Amino acid sequence: MMTQKRCRVVGFRIGSLELENPLVLAPMAGFTDLPFRRICRRLGAALTYTEMVSAQGLVLGNPMSRRLILSDGSDRPFAVQIFGSDPDVMAQAARICQEEGADLVDINMGCPVPKVVKRGAGAALLERPLVAGRILEAVRRVLRIPLTIKVRSGWTAEQVVAPEIARMAQECGVDAIALHARPRSQGYTHCAQWALIRQLRESVSIPVIGNGDVLSPADALTLRDATGCQGIMIGRGARGGPWIFSRALAMLEGGRLSPEPAGSEVWRIVETHLESIRDHYAPDRALHVAKAHLLRYLRGRPASARVRESAVRASSVAALRAIVRDHLTLLASEPGEEGVSSQQ
Ligand SMILES: Cc1cc2nc3c(=O)[nH]c(=O)nc-3n(C[C@H](O)[C@H](O)[C@H](O)COP(=O)(O)O)c2cc1C
């Protein structure tokens, strides 16, 4: 019988930051807070991103914005992603992130949400390379830590600007680029075009972090082999299943799919996650965030309908934890669905 060859997973470097493997947790608004970043890091992500944070909010001292960039070190190395359109404000915000302990600052150049784009930020910067360049120069000037950008491929499928933006970013001293391989116009309606990630990798010398539709451990291996990208960024595939990182690592190492973690292990992770949410937020916010995550963990587990109903009605995180504990046997006996995802 042939034995599968194991190979050491090679990490990569973003400027001065040495990463132990290629796996990166994508920024996700409402999801990639400190408790979730910590879990993903423990389960194998080499780098985690905060959700996008308003540069203006940080500069004006908005407590909500400031809270989003907090870390206790357990999620390190972590990146803070900022969005905005004014070079001076972006530079001031980047400096705040650096002072607060971020390992890296990322500029959002891909968010398609109208509220953001209307203000000239996010994906709007793909159409305004001059402004984008001024932002990068201003931010680079104040940062000692590495700088990355996260882009979509362009505004429409016909107009691919990522390589042009990436070359400009490289000249401005950006240390890596993450590409969500879809245009702004597509939202999530089409498949990510991984060929664009390969094309981008061939057009710049800084590392490329490939992103889009890595929903299972096997997808991580396929993306790396198809594109040669140095980093593999996972978003939706980690919601309700952060063990995608440990399983993807096993896949990259041995080329073989490891089983889903045992039910009891899954529920131990869920409990730890809920406790960590409880400790991080004020009670009302904690309940809201904990429910959002728990409902994700329950997805694709058919017999969990009853548990889901109780969870929706729960009035505290302690009640949610009790529900999980009471139904542990039922939940632990059910595997989740591989690669379940929802479109944002
Ligand atoms: C709920 C949600 C929130 C997101 N928030 C952000 C964000 O704050 N900043 C960002 O650059 N991308 C954001 N994204 C996009 C993801 O980072 C990622 O590019 C996209 O989901 C494609 O990767 P995936 O197929 O692995 O999910 C978000 C995606 C989702 C589903």
Side-chain angles (χ1 to χ4, degrees), residues 22-33 36-37 40 45 47-55 57-58 64-65 68-69 78-84 93 97 104-117 121-126 132 148-154 162 165 176-184 186-194 196-197 200 208-224 227 229 231-242 244-245 247-248 288-289 292-293 295-296 299 338-344:
L23 301 177
V24 176
L25 172 67
M28 283 187 289
F31 280 91
T32 55
D33 56 6
F36 193 59
R37 295 199 304 273
C40 292
L47 174 67
T48 63
Y49 277 65
T50 66
E51 68 177 76
M52 59 180 187
V53 185
S54 157
L58 284 177
M64 295 259 281
S65 307
L68 291 173
I69 71 170
F78 81 108
V80 175
Q81 186 189 65
I82 55 174
F83 73 96
C97 299
L104 182 162
V105 169
D106 179 77
I107 309 290
N108 182 317
M109 294 196 185
C111 179
V113 174
K115 200 170 77 179
V116 172
V117 171
L125 292 171
L126 297 176
T148 60
I149 60 173
K150 180 165 177 280
V151 299
R152 281 194 175 227
S153 56
I165 295 277
I177 174 163
L179 171 62
H180 176 189
R182 286 187 178 90
R184 184 257 178 191
Q186 282 179 3
Y188 285 88
T189 53
H190 297 58
C191 291
Q193 287 177 275
W194 289 353
L196 295 176
I197 297 174
L200 181 65
V208 169
I209 304 170
N211 172 238
D213 293 350
V214 176
L215 301 170
S216 71
D219 290 338
L221 183 63
T222 313
L223 173 67
R224 188 195 62 185
T227 69
C229 60
I232 303 165
M233 182 179 263
I234 303 179
R236 291 165 300 160
R239 290 189 302 181
I244 191 172
F245 290 107
R247 297 183 73 214
H288 177 81
V289 174
H293 281 282
L295 293 177
R296 285 279 160 190
R299 265 187 166 216
E338 190 77 55
V340 174
S341 76
S342 80
Q343 311 292 301
Q344 191 189 213

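Just follow the structure's listing: the first ligand is 1, and inside any ligand the first atom is 1. Predicted model only: the values in this text are computed from it and were never measured. When reading the values below, keep in mind they use all heavy atoms of this one structure, side chains included, and skip hydrogens, waters and symmetry mates.
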### N or O contact, Glu51 vs ligand 1, cut-off under 3.5 Å
no

### Summary
Of Met52, Lys150, Met109, the one whose closest heavy atom lies nearest atom 12 (N) of ligand 1 is Lys150

### The one among Gly235, Pro27, Ala26 that brings a heavy atom closest to atom 14 (N) of ligand 1
Pro27

### Message
So for ligand 1, is Ala29 a polar contact partner (N or O within less than 3.5 Å, distance only)?
### Response
yes

### Query
Which of these, Thr32, Asn108, Thr148, sits in a side-chain hydrogen bond (donor to acceptor under 3.5 Å, both in side chains) with Tyr49?
Thr148

### Message
Heavy atoms only, cut-off 4.0 Å: how does Tyr188 contact ligand 1, side chain, backbone, both, or neither?
### Response
side chain

#### Entry: Ligand-residue contact atoms, ligand 1 with Arg239, heavy atoms, under 4.0 Å
1 (C)

### Task
Kindly assign one of parallel, tilted or perpendicular to the pair His293 and Phe31, based on the angle between their ring planes and the thresholds 30° and 60°.
perpendicular

#### Entry: Non-neighbouring partners of Asp106 that pass salt bridge (charged side-chain N to carboxylate O under 4.0 Å, His left out), sequence neighbours left out
none

### Query
Considering the options His180, His190, Arg236, Gln193, which one meets the side-chain hydrogen bond (donor to acceptor under 3.5 Å, both in side chains) requirement together with Asp213?
Arg236

### Winner among Ile149, Asn211, Asn108 once heavy atoms are compared against atom 23 (O) of ligand 1
Asn211

### Task
Could you pull out all residues at least two apart from Arg37 that satisfy salt bridge (charged side-chain N to carboxylate O under 4.0 Å, His left out)?
Asp75

### Query
Between the side chains of Asp219 and Ser216, is a donor N or O closer than 3.5 angstrom to an acceptor N or O?
yes

#### Entry: Ile149 and its side-chain contact (heavy atoms from CB on, under 4.5 Å) partner, picked from Leu125, Val105, Ile107
Ile107

### Query
Any idea which part of Arg236 is under 4.0 Å from ligand 1, heavy-atom wise: side chain, backbone, both or neither?
both

#### Entry: Proximal atoms of ligand 1 relative to Asp213 (non-hydrogen, under 4.0 Å)
24 (P), 25 (O)

## Note on the structure
A student checking ligand 1 against Gly212 at a 4.0 Å heavy-atom cut-off should list atoms 23 (O), 25 (O)

